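I have placed the structure first, in the form of structure tokens, so that the comments after it can refer back to it.
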Number of protein chains: 2
Amino acid sequence: MKKYSEILKQSSLFAGISEEELFPMLKCLEAGSASYKKNQFIYHMGDQVENLGMVAFGSVSIIQEDFWGNRNIVSKIMPGQLFAETYACTPQVPMKVSVLTDEPTTVLFFNAGRVLTTCPSSCTFHSRLIRNLVSTMARKNLMMNEKIAHVTQRSTREKLLSYLSAEAIKKGCSTFEIPFNRQQLADYLSVDRSAMSNELGKLRDEGLLEFRKSEFTLLE
Amino acid sequence: MKKYSEILKQSSLFAGISEEELFPMLKCLEAGSASYKKNQFIYHMGDQVENLGMVAFGSVSIIQEDFWGNRNIVSKIMPGQLFAETYACTPQVPMKVSVLTDEPTTVLFFNAGRVLTTCPSSCTFHSRLIRNLVSTMARKNLMMNEKIAHVTQRSTREKLLSYLSAEAIKKGCSTFEIPFNRQQLADYLSVDRSAMSNELGKLRDEGLLEFRKSEFTLLE
DNA sequence: TCCTTTTTGTTGTAAAAACAACAGAATTAT
DNA sequence: ATAATTCTGTTGTTTTTACAACAAAAAGGA
């Protein structure tokens, strides 16, 4: 567990919790760890889970699959970030998404019931932990709001402009790198890849933007 | 405040909190109330808010507006349910949605900072309150996941079937009432109303479903 | 290096959606 | 009860997207 102390201290879940509090706390939370290869499932759609995960090394994608196996990337989780905390907080609800590694990945697991139930002996750290979890969930909520804002645009063009302008604002620069390749971006925006590539070409021809691989520049 | 005790006791935020704890708690949370007419804004897009709201009587819609004023219904909030708790938990982030009454409505407001900051004198109720907020946010998260599942379907037909089958499962019956009229459903699914009506007609002609006003029946 | 695989851009065609316009039904107000 | 307003379904036209197929470019492996 010692090797994870850096990532734990930097994570938003354990923000403001001192190192001496950290390790007793991990035991209380029934913390565990596991390592995975690239493209391995950590959780499957339909699972009922009690543990929330934190990516220690590597990265995972949250994906949604329909009956015929069409995949949609909901989000990408980087080191220090949590996943499945929503389902771990409502353990009776079967997961509607799967968690899949993008690369070799190590994950830490925490029992959500333990996080949410204060034990008399350690009320202060529990309170802090819960508050951290609340703001993490609030931020995740805002991310989903943002995705909804993009995918509810009516045309591929509007979806692209909505996403790209939001990225530019987020990065504070008209030139920025996106964390998706073309197929992943099309999946995220829920459009056809070739139609999206075509639309990107038109936007470039019309002088609204430039791009090279995953680097985009919004113009004027 | 007494007149709200029924709705407060039934709300998920105050679940498990006894009546004698309730009123001291409300004062500590800086609780307030306000009444609104139909179609009045409670919060506007761009507001930075510290108070989360609970509908006491009536109902409100969470709506998203783009630059040209096109509206999209994100969700509908009924008595006892919370709204704006995400923004109240991240008060530095401007709201990307507005809150608009659907009918004459009374709202209770609670200061989110007070909810999230335990005061030494009343640690137990704060802890309970925070845990209630966590599961409320988790449930809201799942609702957004569900909406994303619908709107990321590629065609109007698939969006309709995704939404309607989810409603049927939720209500546990193949015949059910939806809380939207046609325009609201089209806004929720982010499609054109007339194209959606047209598609509903085709689905009915093909024998997949029946409907009368807002009552739907899924067949076979 | 060369070969293989993956990613990206492009095009033509078929299908679907958006849009506009309108008529009938239902609801609300007077 | 009647008029006005809102809601819903329908149709034809225009625009957009999905789909399929393929070639060029880039990335990765032997």
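Keep in mind it's a predicted model, so treat the numbers as computed, not measured. We name chains A, B, ... by the order of the sequence lines, and we start the count at 1 in each one.
A donor N or O paired with an acceptor N or O is not found under 3.5 Å between the base of C:dG9 and the side-chain atoms of A:Arg204.
Not one side-chain nitrogen or oxygen of B:Arg154 sits closer than 4.0 Å to the OP1 or OP2 atom of D:dT17. Between B:Lys159 and C:dA17 there is no side-chain polar atom (N or O) within less than 4.0 angstrom of OP1 or OP2. The side chain of B:Lys213 places no N or O atom within less than 4.0 Å of a non-bridging phosphate oxygen (OP1 or OP2) of D:dC7. The phosphate of D:dT16 has neither OP1 nor OP2 within less than 4.0 Å of any side-chain N or O from A:Arg157.
The aromatic rings of B:Tyr163 and B:Phe180 sit tilted relative to each other, their planes meeting at an angle between 30° and 60°.
Going from atom CZ of B:Arg212 over to atom C1' of C:dT27 covers 15 Å, rounded to whole Å. If you measure from atom CZ of B:Arg182 to atom C1' of C:dA26, you get 13 Å, rounded to the nearest angstrom. In this structure, CE of A:Met196 is placed 10 Å from C1' of C:dT8, rounded to the nearest angstrom. Rounded to an integer number of Å, the gap from B:Lys202 NZ to C:dA16 P is 7 Å. The nearest whole Å value for the distance from the CD atom in B:Glu199 to the P atom in C:dA15 is 15 Å. One atom, CG of B:Leu200, and another, P of D:dG9, lie 7 Å apart when rounded to the nearest Å. Put simply, CD on A:Gln153 is 18 Å from P on C:dA17, counting in whole angstrom units. The CG atom of A:Leu160 sits 14 Å away from the P atom of D:dT16 (whole-angstrom rounding).
As judged by a 4.0 angstrom heavy-atom cut-off over every strand, A:Ser155 is placed among residues touching the sugar-phosphate backbone only. Using a 4.0 Å heavy-atom distance criterion, A:Asn198 is classed as a base contact. Residue-level contact check: A:Asp192 touches the bases, meaning some heavy atom is under 4.0 Å from a base atom.
Out of D:dG9, C:dG9, D:dA18, the shortest distance to the side chain of B:Phe211 is found at D:dG9. Side-chain proximity of A:Ala195 to the nucleotides C:dG9, D:dT8, D:dA18 is greatest for D:dA18. Residue B:Ser197 has its side chain nearest to D:dT10 when only D:dC7, D:dT10, C:dG9 are considered. When distances are taken from the side chain of B:Ser194 to each of D:dA18, C:dT8, D:dT11, the shortest belongs to D:dT11.
Using a 4.0 Å cut-off between a side-chain N of Lys or Arg and a carboxylate O of Asp or Glu, A:Glu85 and A:Lys140 qualify as a salt bridge. Between A:Lys202 and A:Glu206 there is no salt bridge, since no side-chain N of the basic residue sits under 4.0 Å from a carboxylate O of the acidic one.
The main-chain N or O of B:Glu210 is never found under 3.5 Å from a side-chain atom of B:Thr217 such that the two would form a donor-acceptor pair.
In summary, the side chains of B:Ser59 and B:Glu103 do present a donor paired with an acceptor at a separation below 3.5 Å, with no hydrogens or angles considered.
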